[in-house]
J.: 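Below: one structure in structure tokens.
Please read these numbers as outputs of a predicted model, since none were measured by experiment. Residue numbers begin at 1 in each chain, while the letters A, B, ... track the order of the sequences.
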Amino acid sequence: MNAYVGTPTSRVDGRAKVTGAAKYAGEFPADRLLHGFVVEATISCGRIVRLDTNTAQQVKGVLDVLTHANRPPLADKDEAWKDEVAPDGSPFRPLYDDTIRFNGQPIALVVAEDWETAKFAATLVRVEYEQHGFATDLEGERSNAAEKDKPHKPRGDAAAALAGADVRHEADYVIPTEHHNPMELYATTAVWDDNGKLTIYDKTQGVQNVHKFLCGVFDKKPDDIRVASPYVGGAFGSGLRPQYQVVLATLGALALKRSVRVVLTRQQMYGLGYRPMTIERVGLGAKSDGTLDAITHEAIAVTSRYEDFARNDTGWAEQLYKSPNSRFSHKLVHLDVSTPCDMRAPGAASGVCALECAMDELAVALKLDPIELRLKCYSDHDQSENLPYTSKQLRECYARGADAFGWSRRNPAPRSMRDGKDLVGWGMATGVWEALQMPVAVRIVLTSNGHAEVSCAASDIGTGTYTIVAQVAADALGLPIENISVRLADSSLPQAPVEGGSWMAASSAHAVLAAAEEVRKELLGLAGKIPGSPLAGAKLADTVLIDGSIAGASDTSRAVSIADAMRHGGVERIEKEKLNQFDEDKKHARNTHSAVFAEVKVDEELGVIRVTRVVSAVAAGRILNTKTGRSQIMGSVVWGIGMALHEETVMDHRFGRIMNANIAEYHIPVNADVHDIDVIFVDEPDNRINKLGIKGLGEIGIVGVPAAIANAVYHATGKRIRRFPITLDKLLD
Amino acid sequence: MNNFQYARATDVADAIRLLAADPGAKLIAGGTNLIDLMKENVERPTRLIDISRLPLRKVEETPDGSLRIGALVPNSDLAYHPLIEQRYPLLASAILAGASAQLRNMASVGGNLMQRTRCAYFYDTATPCNKRHPGSGCSAMDGLNRNHAILGTSAACIATNPSDMSVALAALDALVHIAGPSGERTIALTDFHRLPGDKPHVDTNLGTGEIITAIELPPRGFAQNYSYLKIRDRMSYAFALVSVAAALELEGNAIGGARVALGGVAHKPWRSLEAEAALRGQAATPDHFSHAADLLLQGATTRSHNGFKVELARRAIVRTLTQAANATPQSQAHKKIA
């Protein structure tokens with residue numbers, strides 16, 4: 001039954017990717033293709049007074065310069081602009097009117113016969129603005145923070161309990177704005193056909209989301225537009241919402257009745273979404289024995305003037321740590337910037353970082369080992385709804401991680417461990433994320449030669465969806481994986497939500513199971529009709545698909561081959577589509593967990609920090625593919641190193657401009673910054689959450705990593721840096 | 001990027017002629033910095049004069065024991081050239097501390113000397129910058145200046161020179177061979193780059209129509225006691241916050257001669273003859289290194305974000321001199337500071 005699920009199966013799309021056969025959104029060819037280049041605003045707030053495109057228009061090879069003044073019609077109601085994951089507010093509409101809402105806003109699209117001409121002509125567009133006052137500095141505007149909503153009910157009286165606690169720790173932790181910087185640039189190729197229909201190749205995490213959005217924005221019927229995104233070179237949340245280049249490419253194609261490609265530059269991608277800067281204020285009050293009495297967590301986050309982007313930064317302590325009193329709040333500051341968006345483990349990456357640094361500080365104050373403190377406060381229930389978990393092997397994560405790391409050899413005193421000129425620090429932190437699952441439909445077309453095509457609109461953003469769908473289908477259909485072809489990310493395929501939130505593994509896998517069961521049902525009907533069939537009268541539940549046959553579940557020698565069953569039935573192909581909906585279980589909480597251990601070596605004189613070892617022990621239900629799963633966690637750990645030590649989008653608030661909008665100056669870890677990473681998957685059988693016990697791995701890997709590193713830096717140096725990233729200058733006083 | 005003419009120089013004289021004829025022209029060799037700047041509309045040359053095929057790719061020993069390096073030798077080739085590895089390992093190390101393998105493969109020696117500052121305001125045409133647009137003001141002065149200069153600054157500019165190679169060349173007393181409309185001349189590397197003063201838009205003392213033809217390394221290579229230490233925000237592919245090229249001649253534990261040059265702290269590689277003189281005849285001890293660091297950093301001025309550089313430079317100088325004295329130079333391949 002499980003020839004592939006749970007094994008280290010290599011990526012089924014690996015060869016296509018490394019040979020260049022895999023086509024990305026900006027690579028699809030089209031006849032008479034035109035190229036668009038975006039002109040951006042250079043002010044943060046105001047109005048376009050004059051937009052002179054004459055000189056640009058006159059450049060040979062330029063077909064048009066689209067602006068708010070001459071564009072084709074766009075929808076005028078917010079509803080049309082609200083995509084499936086839009087936050088509250090009024091979404092940004094590119095080239096809609098003369099209003100400038102943020103620096104880097106697109107204000108014109110130069111369309112030319114080639115990209116170079118469009119780029120050159122873009123420099124000739126002249127803009128005059130009426131500038132208005134603006135604010136972009138979260139810390140400067142902190143006093144304007146207003147409560148967005150209350151994601152968690154307060155329990156008890158946290159303020160009083162904190163004030164009266166035996167041991168109290170309260171501090172601000174500052175997480176800067178960060179950008180996703182996926183390797184693939186944001187791009188759309190809008191292919192115009194002679195009937196006026198459009199095929200949109202777009203870099204996105206959700207083709208059906210983009211499809212519905214474009215139909216609304218351009219007032220088109222569903223059949224007029226098809227959206228495809230077969231390969232995505234990383235997105236990490238930045239492609240959950242339709243990005244403006246898809247609107248611009250479509251506008252260009254409609255205006256010129258030709259195919260148009262728009263590829264953003266790396267610099268322009270800093271005008272898209274980002275992880276919002278947050279000030280995380282965490283308060284912990286404990287009894288002297290190390291049990292918690294109070295937890296407070298307030299996040300103050302940046303958002304745009306036009307949308308309320310808010311994620312669950314606070315409240316994760318409800319899942320992790322027992323406390324009779326708690327209060328959580330999320331406040332927003334509206335600034336003259338573009339709207340933030342989801343970025344790997346949105347909310348948790350920032351909020352749990354603060355919480356886990358605070359727990360480390362509390363452990364120091366209590367003179368307790370950081371793991372011991374966490375075990376004393378360990379919560380078997382999600383306290384916000386007082387629910388038990390479908391499964392929670394976090395204790396095992398602590399134990400296995402600590403053992404692999406050698407935690408018991410840690411001298412708790414800061415600055416006590418050395419290696420030559422380096423101070424050595426060992427730190428740990430907990431990670432937590434949700435195990436979500438969504439309705440997904442899958443279509444299976446089984447042909448009598450024993451091949452199956454499995455299709456679904458879900459995207460594979462590099463996470464391995466193609467591979468796990470093939471694995472689950474191969475097992476469910478009893479076929480070798482080579483006989484399975486997977487089609488994904490086309491809006492005409494069966495329903496799927498955006499790929500995000502770590503929900504796609506569980507959601508797509510169970511949709512495959514559901515569709516495969518329909519296939520098996522039909523095969524059983526065919527097989528049972530064969531004279532003398534060994535499966536005559538067999539019940540569906542008592543059958544399996546195995547080794548190219550339908551067979552008795554308890555006695556697989558009672559079998560009819562798929563080929564025989566279909567031949568006898570006179571059937572060439574069996575096509576089944578099934579929408580899988582998960583039973584709603586309101587009696588359990590569903591989460592993934594991790595324990596992250598980090599070793600840093602800090603040059604005592606120079607402050608240079610190296611993360612020499614990371615052990616990440618993850619409990620995330622059944623791991624569908626231990627090879628891609630391990631890669632997923634390793635990549636997350638590398639990102640966590642970046643979040644701890646490198647990543648920061650730097651803005652000059654006098655101009656409201658990002659000053660490191662490129663990947664030379666926006667630092668992420670390079671190979672030389674990455675040392676040993678050990679990934680442990682802790683066994684976590686879970687027969688409550690779903691049939692296969694899948695929880696998803698997309699986000700859990702980063703949560704906890706920055707805090708473990710920050711705590712290790714404290715242990716090494718005795719310095720507590722609460723403003724990320726931890727750069728060497730912060731250690732040098 | 002603007003539209004531009006392209007011309008391929010047939011020889012050095014042709015390059016000079018083409019360059020002198022068009023004040024908007026720029027030479028292009030590896031293009032690793034110029035093309036970037038053109039993409040950002042910071043450089044808008046009317047014409048690119050391609051010198052990449054000129055015969056300036058030799059590394060030759062001269063009769064007096066110097067080494068003459070053609071201006072078009074790629075950075076990688078130079079770093080791995082046996083004569084450089086053996087006689088001038090300080091230079092090899094500094095080159096390998098810079099950029100990435102791909103960039104070093106493209107970048108030429110002459111082009112490395114001509115690279116421009118990575119000040120973010122210089123790169124962003126929507127902000128004032130005296131270097132890019134003389135008289136428009138310096139945005140870094142009261143803006144984001146964590147990476148900016150602490151020595152030799154002016155009221156007009158606090159940008160740094162980003163080169164690693166130049167720092168080693170400064171320490172090695174390299175010479176720059178130049179050809180121009182009025183013939184050939186040679187100037188010291190330490191006189192090649194300028195301090196910003198009131199003309200921060202002028203990076204070098206290269207005259208109109210002049211081109212770098214070669215770099216010359218004097219015989220003394222300090223191959224026994226040297227180190228290049230680059231302190232940056234990640235372990236590779238980042239510009240220096242502070243870098244130090246140190247070279248010593250030791251007689252026992254006594255310093256016969258010393259060279260120290262700093263990168264990441266000024267508009268040019270920074271040397272102090274006073275500091276080097278103070279080391280001469282002294283024992284190679286941290287105290288003496290520390291005193292030299294004080295002399296090197298005399299007159300340092302800081303802005304709101306770069307104050308840490310003074311202490312970081314002081315400690316880095318002591319560390320690098322110690323590495324040099326112990327003949328344990330910083331490795332550019334290991335993932336750690338020694």
J.: Are any of the side-chain heavy atoms of A:Glu665 and B:Tyr123 separated by less than 4.5 Å?
T.: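 No - every pair of side-chain heavy atoms lies 4.5 Å or more apart.
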
J.: What distance do B:Arg319 atom CZ and A:Leu606 atom CG have between them, rounded to the nearest 0.5 Å?
T.: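 Output value for this atom pair is 4.5 Å.
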
J.: Quick one: CZ on A:Arg657 to OG1 on B:Thr127, what's the gap to the nearest 0.5 Å?
T.: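 So the CZ of A:Arg657 and the OG1 of B:Thr127 are separated by 7.0 Å.
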
J.: For A:Leu731, is it the side chain, the backbone, both or neither that has a heavy atom under 4.5 Å from a heavy atom of chain B?
T.: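 Neither the backbone nor the side chain of A:Leu731 comes within 4.5 Å of chain B.
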
J.: Identify the two heavy atoms, one from B:Ser236 and one from A:Val670, that lie closest to each other, and give their separation to 0.1 Å.
T.: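 Distance-wise, the nearest heavy atoms are O-CG2, 3.7 Å.
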
J.: Pick whichever of B:Arg146, B:Lys309, B:Arg232 has the most heavy-atom pairs under 4.5 Å with chain A.
T.: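 Sorted descending by pairs with chain A, the first entry is B:Arg146.
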
J.: Please state whether the side chain, the backbone, both or neither of A:Glu604 comes within less than 4.5 Å of a heavy atom of chain B.
T.: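 When you check distances to chain B, only backbone atoms of A:Glu604 fall under 4.5 Å.
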
J.: Hey, which of A:His667, A:His675, A:Gln267 has the most heavy atom pairs under 4.5 Å with chain B?
T.: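 Highest number of heavy-atom pairs under 4.5 Å: A:His667.
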
J.: Check whether A:Arg654 reaches the backbone of B:Ser139 with its side chain - one donor and one acceptor, N or O, closer than 3.5 Å.
T.: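 Looks like yes, one N/O pair under 3.5 Å.
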
J.: Using a cut-off of 6.0 Å, state whether more than 12 heavy atoms not belonging to A:Asn671 lie near its atom CG.
T.: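 Check fails, neighbour count at 12 or below.
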
J.: Once ring pair (Phe, Tyr, Trp, His ring centres under 6.0 Å) is applied, what residue pairs with a partner in residues 302-338 of chain B remain, sequence neighbours excluded?
T.: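 Every candidate ring pair (Phe, Tyr, Trp, His ring centres under 6.0 Å) pair involving residues 302-338 of chain B fails, so no pair, neighbours aside, qualifies.
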
J.: What is the distance from atom CG of B:Asp233 to atom NE2 of A:His646, rounded to the nearest 0.5 Å?
T.: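 If we round to the nearest 0.5 Å, B:Asp233:CG and A:His646:NE2 are 7.5 Å apart.
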
J.: Taking the side chain from B:Lys335 and the backbone from A:Val674, do they hold a donor-acceptor pair closer than 3.5 Å?
T.: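 Such a contact is found between B:Lys335 side chain and A:Val674 backbone.
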
J.: Name the member of A:Met651, A:Lys730, A:Lys421 that forms the most heavy-atom pairs with chain B at distances under 4.5 Å.
T.: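 Highest number of pairs under 4.5 Å: A:Lys421.
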
J.: To the nearest 0.5 angstrom, please state how far the CG atom of A:Asp729 sits from the CG atom of B:Leu312.
T.: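 So the gap between those two atoms works out to 8.5 Å.
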
J.: I need the residue from B:Arg118, B:Lys39, B:Met235 with the largest number of non-hydrogen atom pairs under 4.5 Å to chain A.
T.: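 If we count pairs closer than 4.5 Å to chain A, B:Met235 comes out on top.
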
J.: Within the 4.5 Å heavy-atom criterion, are B:Arg234 and A:Ile668 side-chain neighbours or not?
T.: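 They are in contact (side-chain heavy atoms under 4.5 Å apart), so the answer is yes.
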
J.: Assess whether side-chain contact (heavy atoms from CB on, under 4.5 Å) is satisfied between B:Ile231 and A:Leu728, documenting all intermediate values.
T.: CA-CA 9 Å; B:Ile231 309 296; A:Leu728 62 87; 3.6 Å; yes

J.: Is B:Ala333 close to chain A through its backbone or its side chain, or both, or neither, when contacts mean heavy atoms under 4.5 Å?
T.: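 Neither; nothing under 4.5 Å.
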
J.: Please determine whether the number of non-hydrogen atoms from other residues, nucleotides or ligands lying under 6.0 Å from atom CZ of A:Arg723 exceeds 12.
T.: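 No - once you tally the heavy atoms of other residues, nucleotides and ligands closer than 6.0 Å, there are 12 at most.
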
J.: What's the spacing between B:Leu241 CG and A:Leu732 CG if we round to 0.5 Å?
T.: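 If we round to the nearest 0.5 Å, B:Leu241:CG and A:Leu732:CG are 9.5 Å apart.
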
J.: Does NE2 belonging to B:His291 count more than 12 external heavy atoms closer than 6.0 Å?
T.: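 Atom NE2 in B:His291 is not crowded, with 12 or fewer foreign heavy atoms closer than 6.0 Å.
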
J.: Grab the two heavy atoms, one from B:Arg315 and one from A:Glu605, that are nearest each other, plus how far apart they are.
T.: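 Reported closest heavy-atom pair: NH1-O, 2.7 Å.
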
J.: Give, as side chain, backbone, both or neither, the part of B:Asn41 having an atom under 4.5 angstrom from any heavy atom of chain A.
T.: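 For B:Asn41, side-chain heavy atoms alone lie under 4.5 Å from chain A.
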
J.: Do the non-hydrogen side-chain atoms of A:Asp422 and B:Lys336 ever get within less than 4.5 Å of each other?
T.: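 They are in side-chain contact.
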
J.: With a 4.5 angstrom heavy-atom cut-off, which part of B:Leu229 approaches chain A: side chain, backbone, both or neither?
T.: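 The answer is the side chain of B:Leu229.
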
J.: What residue, out of A:Asn662, A:Val608, A:Thr42, has the most heavy-atom pairs lying under 4.5 Å from chain B?
T.: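 Top option by heavy-atom pairs under 4.5 Å: A:Val608.
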
J.: Taking only residues at least two apart or on different chains, which pairs with a member in residues 110-134 of chain A satisfy ring pair (Phe, Tyr, Trp, His ring centres under 6.0 Å)?
T.: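 Found A:Phe37-A:Trp115.
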
J.: Do we see a donor-acceptor contact under 3.5 Å between the side chains of A:Asp652 and B:Tyr121?
T.: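 Yes, because at least one side-chain N or O of A:Asp652 sits under 3.5 Å from a partner of the opposite role on B:Tyr121.
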
